[in-house]
Protein chains: 2
Amino acid sequence: MEDRGISQAVIRRLPRYYRYLGELLEGGVERISSNDLSKRMNVTASQIRQDLNNFGGFGQQGYGYNVKYLYTEIGKILGLEEDHNIIIIGAGNLGQALANYAAFEKRGFILKGIFDVNPRLAGVTIRGVPIRMMDELRSFVANNEVDIAALTIPKDKAEEVADMLVENGVRAIWNFAHIDLNLPDNVIVENVHLSESLMQLSYNISRYNEEHQK
Amino acid sequence: MEDRGISQAVIRRLPRYYRYLGELLEGGVERISSNDLSKRMNVTASQIRQDLNNFGGFGQQGYGYNVKYLYTEIGKILGLEEDHNIIIIGAGNLGQALANYAAFEKRGFILKGIFDVNPRLAGVTIRGVPIRMMDELRSFVANNEVDIAALTIPKDKAEEVADMLVENGVRAIWNFAHIDLNLPDNVIVENVHLSESLMQLSYNISRYNEEHQK
DNA sequence: TAGATTGTTAATCGATTAACAATC
DNA sequence: TAGATTGTTAATCGATTAACAATC
């Protein structure tokens, strides 16, 4: 999945802008300049203006940005106006954590199904959604509109399951398995590799200790 | 926490090299050239060689890289040779998911404590580690060697807890709360913002749909 | 030795920052 | 109007890729 013109570096920053604007909105702040926002967020004002102007001119000279308006517009850009049907494959702790993450629904991510191999979980319900057995997955996906599949299963099953999902129409995968999925170009994959994040942390600890001759 | 000279862009790629080399090792592959590795990993051979040469010359002209040796060296760079004592604050699904993630121990991340506010979890044990109540946290941290604290608590408590941890000697935080922690420069923070990851996925879906006039 | 492949320098590309004219 | 702040162009900085001499 390659991209039109806007770099993923910019995209990765949008949710953070969105979060800060949401907080400002809650705090009753009506408008904000790129300069004030830049101080809060620890980025340059220039970067904020450059990033936003990839999508249009949301501000007004001499005034700044209307918080509510900008918040809404970034939400639109991020696709949070539309609903997304999501299923979770793997009802282990991580899968359940995602399933219970209530804030999802607020943003239009609607939990449609949870799947696992463990028969003891059959019929257990999370936020009103029953855990189904894996052998139902194929027909479920084929017969329901599924926008996003979150994969919280062991890495040795991930590729196989992902292929099957894609075969049956799923076009976006949120991948928590420790593997790089090999999928057609028209499938969008977002990886969350927790162990890699932890290793990056570990690296930075080592570097710090070295510098300070622990 | 700023960095010596090696960019975080490079650091972020190291765990991925490490993963691929681990797989090659398991597969019994003895040596590999930057070119072959680049094809497997979908990066340029040039980038691999540049990245590695930030840390030293691990290869040999005409031969390539010894898989076992390179794997070990990257492990050292990432600090996986030393043990890291880790505690988890917040024993919800996400906290439990991390606690149960057995592969951590293999990499030298040793679970020393789990904390939660919920009295119903008091004394419950995960992988031999009892869940303790939050009011014990301060003295636990003060009296035990804690290298990393994983924060899997709601965002409104995160800042306060993080401050307390740092006050009591914790120098590295793996932050899952949806907030940017404001901590001294000598504290290392690694953020995992799942909602931002999901929004990035959502953005890419929207973009794809637009391009194909859904 | 000839062939292969690294380590490293140089060239290119992209992203960030600075500057400022436009304009509210 | 004067002041403030954007949108946008230009300058800088950093990261990636290409090229190739060194060398195993």
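In what follows, chains carry the letters A, B, and so on, assigned in the order in which the sequence lines appear, proteins first and then strands, with residues in each chain numbered from 1.
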Inset, instruction - For A:Asn66 and D:dT6, give me the distance from atom CG to atom P, rounded to whole Å. - result: 13 Å
Inset, instruction - Measure from NZ or CZ of A:Arg207 to the centre of the six-membered ring of A:Tyr203 and say whether it is under 6.0 Å with the direction within 45° of the ring axis. - result: yes
Legend entry - Euclidean distance, A:Leu24 CG relative to A:Arg31 CZ, rounded to 0.5 Å: 13.5 Å
Legend entry - Near-ring test B:Tyr101/B:Phe109, centroid separation under 6.0 angstrom: no
Inset, instruction - Output yes when at least one side-chain N/O atom of B:Arg49 is less than 4.0 Å from OP1 or OP2 of C:dG7, else no. - result: no
Inset, instruction - Can you tell me the distance, in whole Å, between the CD atom of B:Gln60 and the P atom of C:dG3? - result: 19 Å
Legend entry - Of B:Asp36 and A:Val43, the one whose closest DNA chain C nucleotide lies more 5': B:Asp36
Legend entry - Length of the line joining B:Tyr65:OH and D:dC24:P, which is rounded to integer Å: 14 Å
Inset, instruction - Searching all strands shown, indicate the nucleotide that pairs with C:dC13 (Watson-Crick or G-U wobble; both distances under 3.5 Å). - result: D:dG14
Legend entry - Whole angstrom value for the distance that separates P of C:dG3 from CG of B:Asn35: 18 Å
Legend entry - Which residue lies more 5' along DNA chain C, comparing A:Gly62 with A:Thr44 via nearest heavy atoms: A:Thr44
Inset, instruction - Check whether any side-chain N or O of A:Gln47 sits under 4.0 Å from OP1 or OP2 of C:dT16, and answer yes or no. - result: yes
Legend entry - Residue pair B:Lys68 / B:Asn66: nearest heavy atoms and the distance that separates them: N-OD1, 3.1 Å
Legend entry - Complement of C:dT23, any strand, by Watson-Crick or G-U distances under 3.5 angstrom: D:dA4
Inset, instruction - Would you name the heavy atoms of A:Ile126 and A:Ala99 that are closest together and state the gap between them? - result: CG2-CB, 3.7 Å
Inset, instruction - Measure from the side chain of A:Arg13, starting at C-beta and using heavy atoms only, and say which of C:dT6, D:dT17, C:dT16 lies closest. - result: C:dT16
Inset, instruction - Record whether the side chain of B:Ser46 comes under 3.5 Å of the base of D:dA18 through a donor-acceptor pair of N or O atoms. - result: yes
Inset, instruction - Output the single nucleotide from C:dA15, C:dG7, D:dT6 whose closest atom is nearest the side chain of B:Gln61. - result: C:dG7
Legend entry - Whole-Å gap separating P (C:dT6) and CG (B:Leu37): 10 Å
Inset, instruction - Take the protein atom CG of A:Asp51 and the nucleotide atom C1' of C:dT16, then report the distance between them rounded to whole Å. - result: 10 Å
Inset, instruction - Kindly indicate whether the side chain of A:Gln50 and the base of D:dT9 share any N or O donor-acceptor pair separated by less than 3.5 Å? - result: yes
Inset, instruction - Take the protein atom CD1 of A:Ile48 and the nucleotide atom P of D:dG7, then report the distance between them rounded to whole Å. - result: 12 Å
Inset, instruction - Please state how far atom CZ in B:Phe58 lies from atom P in C:dT5, giving the value in whole angstrom units. - result: 20 Å
